[in-house]
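Counting starts at 1 for both ligands and their atoms, in listed order. None of these values were measured; they are calculated from a predicted model.
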Amino acid sequence: MGQPAPDLSSDVRVVFGAGSRASVAAEVRKLGLSKALVLATPHQHDAALGIAEHLGNLAVGVFCKAEMHTPVHVTEAAMAHVIETKADCVVSIGGGSTIGLGKAIAYRTGLTQVVIPTTYAGSECTPILGQTENGVKTTLRDPSVLPEVILYDAELVRTLPLGMTVTSALNAMAHAAEALYATNRTLETTALAVQGLKAFVDGLPKVLQDPWDLKAREETQRGAWACGTVLGQADMALHHKLCHTLGGSFNLPHADTHAIILPHAIAYNARAAAKDLTPICDLLGGTNAGTALYSFAKSMNAPLALKELGLKADDLERAADLATMKPYPNPQPVTRDDILALLTAAWAGDTPIE
Ligand code: NAD
């Protein structure tokens, strides 16, 4: 606290509403643009065609080869389409992988992005771009990658499988949890983080009870917006470092890894930042924010053990080495032995070490 407040205002236009994807053509026209390249993963090809239909003659192409961690070779293939179609904007429909591709194009061209998120990962709200080349993932922050328009359409997130609904929600909650003790936190970022956490604590059980409940889906999307926005504003610490290491060097799936690590990283930091983490105990009950998150994740049927994701026991020593080599600033001092103990508990699915 006590540092200058990050600027929480921005020119991003954010629209919530079931069916809001139908306004995509109007949004593109409002921006004075007329040549949209639609982006998606292969899995969401049909959804991309649906958006192209809504765009009508404003759509100049559909590129459905987005992949996790934004590989540069995929961006280069997409760039060939941008040039060939003379696109003046991209419309990204999907999760963080598709949105990452749109950001990578915007970074290279300055093109405007209209984003229609279908997970809770929150990339649409950040000026952050992670890209992978030759097996190495690097991350940059640049205003040019922040999308201009976000359309949150609750109808689209209903098809997110239940398992991914839970892990993606915990991924979003992790952004907010780490913002509570971020070195550059302010009263504003803390309020936004609590708003995001509350939306998931209230909304996720309702979504699991009825995945087609549009009101509950929208509540969780509002949580994704709050958590993603706070990720763009507040510095991240141990939790994100561990997930970047496990994703980047051991190819573990993004949302599942966040879901498993979150209670352990928060319990670790509760040793030094228990007071800052009080809002989590207030929302979930209990006296330790990490164990409270563990119980919440368990009650939502989240995966709990890294070994379930295919990480080998033999990999733990190397993971501890890599995660402690260049640690992010963190409230609790980071030591290799402590991180190895944390990872061992997360690997086995044990309750977090307090
Ligand atoms: P994802 O975009 O990789 O999606 C996972 C799979 O689910 C894909 O096959 C996708 O097509 C499918 N899918 C997505 N939404 C669906 C829906 N509604 N119905 C059915 N299938 C659906 O997953 P993610 O977790 O959203 O994104 C992970 C990527 O995003 C990682 O590369 C991560 O680094 C990045 N990310 C970046 C930021 C940032 O600020 N730069 C923030 C969060 C995540």
The option among His254, Arg217, Gln44, His258 carrying the non-hydrogen atom nearest to atom 28 (C) of ligand 1 is His254
Item checked: N or O contact, Thr126 vs ligand 1, cut-off under 3.5 Å -> yes
Check the side chains of Thr335 and Asp337 for a donor-acceptor pair under 3.5 angstrom, ignoring hydrogens and angles. no
Heavy atoms of Ala234 and Ala179 approach each other most closely as CB-CB, 3.9 Å
Do any N/O atoms on Asn171 end up under 3.5 angstrom from N/O atoms on ligand 1? no
Do any N/O atoms on Gly130 end up under 3.5 angstrom from N/O atoms on ligand 1?
no
Per side chain to side chain contact (heavy atoms under 4.5 Å, CB included), Leu343 is matched among Asp315, Thr245, Leu311, Leu246 by Leu246
For atom 43 (C) of ligand 1, the closest protein heavy atom turns out to be Ala121 O, 3.4 Å
Ranking His244, His240, Met164 by closest non-hydrogen atom to atom 4 (O) of ligand 1, top hit is Met164
Going by the 4.0 angstrom heavy-atom rule, the piece of Leu160 near ligand 1 is both
**Request:** Answer yes or no: does an N/O atom from Gly96 fall short of 3.5 Å to an N/O atom of ligand 1?
**Result:** yes
Quick check on Glu308: does its CD atom have over 12 non-hydrogen neighbours (other residues, nucleotides or ligands) under 6.0 Å away? yes
Ion pair present between Glu317 and Arg336, side-chain N to carboxylate O less than 4.0 angstrom? yes
The option among Glu67, Glu124, Arg158, His43 carrying the non-hydrogen atom nearest to atom 9 (O) of ligand 1 is His43
task = Classify the side-chain pair Lys206/Thr220 by whether it contains a donor and acceptor separated by less than 3.5 Å.
result = no
Answer yes or no: does an N/O atom from Ser168 fall short of 3.5 Å to an N/O atom of ligand 1? no
Atom 3 (O) of ligand 1 sits nearest the protein heavy atom Ser97 OG, 2.5 Å
Under 4.0 Å from one or more heavy atoms of Thr41, ligand 1 contributes atoms 10 (C), 11 (O)
query: Side chains of His258 and His239: donor-acceptor distance under 3.5 Å anywhere?
result: yes
Ranked by distance from atom 34 (O) of ligand 1, the top protein heavy atom is Lys137 NZ, 2.8 Å
One finds that the ligand 1 atoms under 4.0 Å from a non-hydrogen atom of Lys103 are 39 (C), 40 (O), 41 (N)
On a heavy-atom basis, the closest approach of Ile128 and Leu231 is CD1-O, 3.9 Å
The atoms of ligand 1 lying under 4.0 Å from a heavy atom of Thr119, numbered in the order shown, are 14 (C), 15 (N), 26 (O)
Exercise: do Tyr107 and Asp142 side chains pair donor with acceptor under 3.5 Å: no
Taking only non-hydrogen atoms of Leu156 and a 4.0 Å limit, the atoms of ligand 1 in range are 18 (N)
* Is any N or O atom of Thr98, backbone or side chain, closer than 3.5 Å to an N or O atom of ligand 1? -> no
Exercise. Does NZ or CZ of Arg271 lie under 6.0 Å from the centre of the six-membered ring of Tyr268, at an angle within 45° of the ring axis?
Worked result: yes
Any nitrogen or oxygen of Thr159, main chain or side chain, under 3.5 Å from a nitrogen or oxygen of ligand 1?
yes
Atom 32 (O) of ligand 1 sits nearest the protein heavy atom His69 N, 2.9 Å
| request: Answer yes or no: is there a side-chain heavy-atom contact under 4.5 Å between Thr344 and Leu340? | output: yes
Atom 41 (N) of ligand 1 sits nearest the protein heavy atom Ile128 O, 2.9 Å
closest protein heavy atom to atom 15 (N) of ligand 1 is Thr118 OG1, 2.7 Å
Exercise. Would Gln44 and Thr118 satisfy side chain to side chain donor-acceptor pair (under 3.5 Å), going step by step from the backbone distance to the final call?
Worked result: CA-CA 10 Å; Gln44 288 178 288; Thr118 64; 3.1 Å; yes
- prompt: What's the verdict on salt bridge (charged side-chain N to carboxylate O under 4.0 Å, His left out) for Glu219 and Lys215, showing C-alpha distance, side-chain angles and the deciding distance?
  reply: CA-CA 6 Å; Glu219 189 174 5; Lys215 230 173 118 201; over 6 Å; no
One finds that the ligand 1 atoms under 4.0 Å from a non-hydrogen atom of Gly95 are 2 (O), 26 (O)
